Amino acid sequence: MNELAKTYTPQDFEDKWYAYWLNQKFFHAEANPEKEAYTIVIPPPNVTGVLHMGHMLNNTIQDVLVRKARMQGKNACWVPGTDHASIATEAKVVQLLREQGIKKSDLSREDFLKHAWSWKEKYGGIILDQLKKLGASCDWDRTRFTMEPKLSEAVIDVFIDMYNKGLIYRGLRMVNWDPQGKTALSDEEVIHKEVQSKLYYIKYFMADGSGDFVTIATTRPETILADVAICVNPTDERFLHLHGQKVLVPFLNREIPIIADEYVATDFGTGCLKVTPAHDVNDYALGQKYQLPVIDILDESGFLNAEAKDERYIGKDRFAVRKQIAIDLEEAGHILKIEEYKNQVGTSERTGAVIEPRLSLQWWVDMKQFMARNPQVLDAVMSDEIQFHPAKMKNTYKHWIDNIKDWCISRQLWWGQRIPAWYDEKGNLVAVAKTESEALDILKAKGQELTANSLKQDDDVLDTWFSSWLWPISVFDGFEDPDNADIKHFYPTNDLVTAPEIMFFWVFRMIMAGYEWRGEKPFKNVYYTGIVRDKQRRKMSKSLGNSPDPLDLIAKYGADGVRMGMLLCSPAGNDILFDDSQVEQGRNFANKIWNAFRLVKGWEVKPDNGFSPEILAANKLSADWFAGRLHDALIDIEDKYKGYRLSEALMSIYKLIWDDFCAWYLEMVKPVYGEPMNESTYQTTLSFFEELMKVLHPFMPFITEEIWQNMAERKTGDSICVANYPAAVGVDAPNLSRVFESIQQIRNLRNAKGLSPKEAFEIAIKAKDQTLYAPYTFLIQKLANVSAISFVEAQPQGTTLLPVDTDELFVVLNLQVDEAAEREKIEKEIAYLEGFMKSVDAKLSNEKFVANAKPELVEKERQKKADAAAKIEVLRKSLG
RNA sequence: GGAGGUAUAGCUCAGCUGGUUCAGAGCAUCUGCCUUACAAGCAGAGGGUCCUUGGUUCGAAUCCAUGUACCUCCA
């Protein structure tokens, strides 16, 4: 290293070191039974996605964990990859085609998939390249994609296996229908939003022509065309006379019965419920119970179909009809009133469209049965066999499992794994098999002769999560070859880092898959990150435009600064409020380190024998002190890692470097201007620096590598990312607490009195135990700019007293002291200590305390009392 | 409507098994310094009814209950 730039400029070296790491294959891991494996599988981002702040946080945490494991000599493997994201990707491709004037409906399945694949090839890798900018140390040779042939095959095999085990069934059920994506969704893919809508009170006239009517309240007047009954609560006295009567559906004049069921709430709306089995989940249940007909008036796009019967509305969108029918009802005298009303509507996570409950034939996973087969899915989490961080997430997990519902896994899309089910010409399910010929074989074995022409495969594909739940197994080809070296070595994985909202979509289901197909948990720890929000607590999102572009941030502050900014404020499970100023703090820290290194590298180094024994001894003492600090800090940091408290670990490192190393240690050993540094202290300082860089490396990989490479001669193939992580070594460190306090007291006095730090003065110390000061007077002289130090038995004339713990320090200065203010300050201090002593006394004289509290605690209290008494004495004396 | 969570300094958060090493950290603020590594810096300082009200206990920020506010998930 020749010249170091004056300020830290990450742009100069980040790309260089990332390329070097890749070149040297430091991130690549091969199965090796000799070594302890450490594995993370990435939560595969959508192949359509671009990096957002959530990814940044998530992947920074993973990188910290994997880099530390790697430095600790583990066989660290972080498997990257992407998710095919069937709905999101298909929606994007459809939109792109539309822009080119091509309609999906005009394309064959094969042609559409060609377009989708070429789109994926073009844009699919973007997000992974962005992760490289962040410094992610993934094993890129292992990059997987949930829809690549091997992984798709695993999905199909699993489907067939589950079908054969009776864990999957096909059934006509109410599903969440996305009219825009034209597909079914699982419950987890539906987002409930509160909207301002209207509650319409509509009159239904009695069929007997009496002119009497009942009033119902609904937010969806367009569905009256699909009404098949009116329902009231059997105990509702207002409507007893109506039971069994009939009313007419407005406009259609269809006669429908009035039925009674406890389901209806008497205190909501009018107490009369219109029953529309085709368009409401609860109504469907009612319809089943009373064997009511089902009239479905909506098509797959949410437009009214011929079943609506009324020509005015057929072929029109549900929302348009809602508006129109309200007007028409009003004109026809059917509207009693319209109220403003807040209610929840389900929307599609992917397309944003309002979900339509729709009766359709779909494939389902029988979750209750699955759980019965694999009780460990719950037990392992509750017993901490799989640890959640933070642990409070266990409650949510349990509650959800206790209320588990079947999982709808079929999607009416083309982009994804096509369901391996086969139907005859009448649409009857005849076989579940991987290929057409296997299906024919199965049929043959059953004695059914069908030809390829009469056999038709299911048109639908599987839910994206039906492939990602296999991820920890499938990335190691654990389905294709269950005993291969990779899966045996790397599975179960160690840590999973993900967002809490993914718990049910993904974490839970991976645990299911792990026990079902490996008989083993998929990971040991789950770290739930927070949601990244802006300063106003709004979730960062593209539509709000409140999310900074991570790459811009990296360009401005450097990847290390961004990583640190993300981590500083993100305890596990808490939302993180993101602000540029945090990233700035990270960048400033990097700059601090950079300059500390400039200082050390700038020293002129000469052999020890040219230095006075005093200087050598002094530097040795300083080094011993810092070695002690380093030891304590390493233990503390390790502790925080163990509890997955990464932001706290980082804060400990931050303070270790900034305060202990830079502010204290470097100032202690720094030669006066123009003087050289002795060789042994220089070497010790460099080795401290190296240890610090190693400890910091998982958090700030780039700057630590840059400095590490420059602190000594390095060979190609050397890197801090594979250097040994420092271990805490016990040391005999001097206690400098009184020395530091003395220095701070003197600095404080200077500040308070407006004395220049350049002006040196003498001090005298009256101490019970001089050995706490005598060997270190050079430090007080150097760091507090003191010209001479003597030890005395009483306060010399014309000096100012500074209390240092129970000792007294006298500054030899004729200060114009504001006597009254001084006295007041000291008296305040005495009052506080006396109050303190009183409370300790009260405790000690309380028999129950002495009897109940632990003996060491009582002893501690006695000690406190004695200390306080000594301090009071010192203060009293200073008052004269 | 149901479930879970949170409430501590201006902001973001620690505070574990109740006990003055318990009221803390970082940032921000204020004061003084461009002190030859760093103004992206240095040296200091101020700042809190630990959400309310009860209870348990010799002792509560900590445990329990109630209320309030906010967040998340589910219906």
Side-chain angles (χ1 to χ4, degrees), chain A residues 4 6-8 187-188 190-192 265 268 281-282 344 346 390 392-400 402-403 405 500-501 503-504 530-531 533 535 537 539 557 561 568-571 573-579 581-582 584-603 639-640 643 645 647-648 650-652 654-655 658 662-663 666-667 670 672-674 743-758 783-785 832-833 835-837 839-840 842-843 845-854 857-858 860-861 863-865 867-868:
Chain A
L4 282 169
K6 283 220 173 81
T7 46
Y8 155 74
D187 291 343
E188 289 71 34
V190 177
I191 299 170
H192 295 272
F268 180 83
V281 182
N282 298 311
Q344 298 273 327
K392 64 187 177 191
M393 299 309 245
K394 283 159 72 177
N395 291 336
T396 318
Y397 185 81
K398 179 171 193 309
H399 181 255
W400 190 79
D402 289 345
N403 296 285
K405 298 213 173 79
E501 62 223 32
M503 183 149 93
F504 309 124
I531 297 166
R533 297 173 182 277
K535 276 258 160 190
R537 284 208 175 265
K539 199 166 165 174
Y557 296 103
L568 266 179
C569 54
S570 54
N574 271 35
D575 286 359
I576 97 153
L577 270 64
F578 185 81
D579 189 74
S581 68
Q582 289 150 213
E584 212 175 299
Q585 195 186 344
R587 192 264 326 252
N588 292 356
F589 181 47
N591 187 58
K592 181 74 186 176
I593 296 167
W594 186 257
N595 277 290
F597 188 60
R598 279 181 64 217
L599 170 71
V600 173
K601 277 312 243 189
W603 285 334
D639 213 49
K640 283 168 174 156
R645 303 158 79 107
S647 20
E648 285 181 48
L650 176 57
M651 185 46 71
S652 294
Y654 178 82
K655 285 194 270 192
W658 201 308
C662 293
L666 287 180
E667 293 300 330
K670 185 163 122 184
V672 292
Y673 184 62
I743 292 166
Q744 279 167 329
Q745 285 282 25
I746 297 166
R747 284 174 176 170
N748 197 346
L749 180 79
R750 278 210 157 91
N751 239 306
K753 302 297 174 206
L755 301 172
S756 163
K758 286 179 201 161
L783 300 183
N785 194 19
Y832 169 81
L833 284 168
F836 170 58
M837 251 184 41
S839 78
V840 175
K843 222 181 260 184
S845 53
N846 181 335
E847 277 172 37
K848 283 187 177 166
F849 171 72
V850 180
N852 295 336
K854 284 180 244 165
L857 191 67
V858 177
K860 225 160 143 188
E861 294 297 317
Q863 189 57 48
K864 276 180 204 160
K865 186 183 164 184
D867 284 352

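Protein chains get the first letters and strands the later ones, always in sequence-line order, with residue 1 at the start of each. Since this is a predicted model, take the numbers as computed values, not measurements.
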>> OP1 or OP2 of B:G44 versus the side-chain N and O atoms of A:Arg747: is any pair under 4.0 Å?
In response: yes
>> I'd like to know if the side chain of A:Asn595 and the backbone of A:Asn591 have a donor-acceptor N/O pair within less than 3.5 Å.
In response: yes
> Expressed in whole Å, how much space separates the P atoms belonging to B:C63 and B:A40?
Replying inline: 44 Å
Check: protein-nucleotides 23-31 of chain B nitrogen or oxygen pairs below 3.5 Å:
residue, atom, partner, partner atom, Å
B:A25, O2', A:Lys655, NZ, 2.9
B:G26, O2', A:Gln585, NE2, 2.8
B:C27, OP1, A:Tyr654, OH, 3.3

> When you match A:Thr396 and A:Asn282 each to their closest nucleotide on RNA chain B, which lands nearer the 5' end?
Replying inline: A:Thr396
>> Between B:U62 and B:G15, how many Å separate the two P atoms, rounded to a whole number?
In response: 15 Å
> Rounding to the closest angstrom, what is the interatomic distance between B:U57 and B:C64 at atom P?
Replying inline: 16 Å
> What's the NE2-C1' distance between A:His399 and B:G1, to the nearest Å?
Replying inline: 12 Å
>> Any non-hydrogen side-chain atom of A:Leu783 less than 4.5 Å from a side-chain atom of A:Ile746?
In response: no
>> Would you measure the distance from the C1' atom in B:A61 across to the matching atom in B:C22 and give it in whole Å?
In response: 9 Å
Provide a list of protein-nucleic acid N or O atom pairs under 3.5 angstrom, restricted to nucleotides 39-42 of chain B.
residue, atom, partner, partner atom, Å
B:A40, O4', A:Asn588, OD1, 3.1
B:A40, O2', A:Asn591, ND2, 2.6
B:A40, N3, A:Arg587, NE, 3.0
B:G41, O3', A:Lys592, NZ, 3.2
B:C42, OP1, A:Lys592, NZ, 2.7
B:C42, OP1, A:Trp658, NE1, 2.7

> Is the phosphate of B:G15, meaning OP1 or OP2, less than 4.0 Å from a side-chain N or O of A:Arg645?
Replying inline: yes
> If we take the P atom in both B:C11 and B:C51, what is their distance in whole Å?
Replying inline: 14 Å
> On a whole-Å scale, what distance lies between the C1' atoms belonging to B:U68 and B:U21?
Replying inline: 36 Å
> How many angstroms lie between atom CD of A:Glu584 and atom CD of A:Gln582, to the nearest 0.5 angstrom?
Replying inline: 11.0 Å
> Rounded to the Å, how far apart are A:Lys405 NZ and B:A3 C1'?
Replying inline: 13 Å
> Atom CE of A:Met651 and atom CH2 of A:Trp658: how far apart are they, to the nearest 0.5 Å?
Replying inline: 11.0 Å
> Rounded to the Å, how far apart are A:Met393 CE and B:A3 P?
Replying inline: 19 Å
> In the structure shown, which nucleotide is the Watson-Crick or G-U wobble counterpart of B:C34, with both distances under 3.5 Å?
Replying inline: none
> Which of the following nucleotides, B:G44, B:A75, B:A14, is nearest to the side chain of A:Asn748?
Replying inline: B:G44
> Which heavy atom of A:Leu666 sits nearest a heavy atom of A:Trp603, and at what distance?
Replying inline: CD2-CH2, 4.0 Å
> In whole Å, what is the span from the CG atom of A:Asp402 to the C1' atom of B:G2?
Replying inline: 13 Å
> In Å, rounded to the nearest 0.5 Å, how long is the span from CH2 of A:Trp594 to CG of A:Asn588?
Replying inline: 15.5 Å
> If we take the C1' atom in both B:C16 and B:A60, what is their distance in whole Å?
Replying inline: 16 Å
>> So, using ring pair (Phe, Tyr, Trp, His ring centres under 6.0 Å) as the criterion, who are the partners of A:Tyr557 when residues are at least two apart?
In response: none
>> When you measure from the side chain of A:Arg587 to the backbone of A:Tyr8, do you find a donor-acceptor pair of N or O atoms at a distance under 3.5 Å?
In response: no
>> Just the rounded figure in Å: distance from C1' of B:C38 to CZ of A:Arg598.
In response: 7 Å
> Distance check: side-chain N/O of A:Asn395 vs OP1/OP2 of B:A3, anything under 4.0 Å?
Replying inline: no
> Could you state the interatomic distance from CG (A:Leu650) to NZ (A:Lys640), rounded to the nearest 0.5 Å?
Replying inline: 11.0 Å
> Closest approach of A:Lys592 and A:Cys662, non-hydrogen atoms and distance?
Replying inline: CE-CB, 3.7 Å
> Which word best sums up how the rings of A:Phe504 and A:Trp400 line up, parallel for under 30°, tilted for 30 to 60°, or perpendicular for over 60°?
Replying inline: parallel
> What does B:G18 pair with, Watson-Crick or G-U, if both distances are under 3.5 Å?
Replying inline: none
>> In whole Å, measure the gap between the P atoms of B:C13 and B:G2 for me.
In response: 29 Å
> Heavy atoms under 4.0 Å, any strand shown: does A:Glu667 hit a base, just sugar-phosphate, or nothing?
Replying inline: base
> Does B:A40 have a Watson-Crick or wobble partner in any strand here, with both distances under 3.5 angstrom, and which is it?
Replying inline: none
> To the nearest angstrom, how far is A:Met503 atom CE from B:G5 atom P?
Replying inline: 12 Å
> In Watson-Crick or G-U wobble terms, both distances under 3.5 Å, what is the partner of B:A23?
Replying inline: none
> Whom does B:U53 pair with, Watson-Crick or G-U wobble, provided both distances fall under 3.5 Å?
Replying inline: B:A65
> Taking atom CD of A:Glu667 and atom NZ of A:Lys670, what is their separation to the nearest 0.5 Å?
Replying inline: 4.0 Å
> With both distances under 3.5 Å as the test, what is the Watson-Crick or G-U wobble partner of B:A60?
Replying inline: none
>> Can you tell me the base-pairing partner of B:G4? Count Watson-Crick or G-U wobble geometry only, both distances below 3.5 Å, and say none if there is no partner.
In response: B:C71
>> Output the rounded distance in Å from CD (A:Gln744) to C1' (B:A45).
In response: 13 Å
> Once you round it to whole Å, what is the distance between C1' of B:G44 and CD1 of A:Ile746?
Replying inline: 14 Å
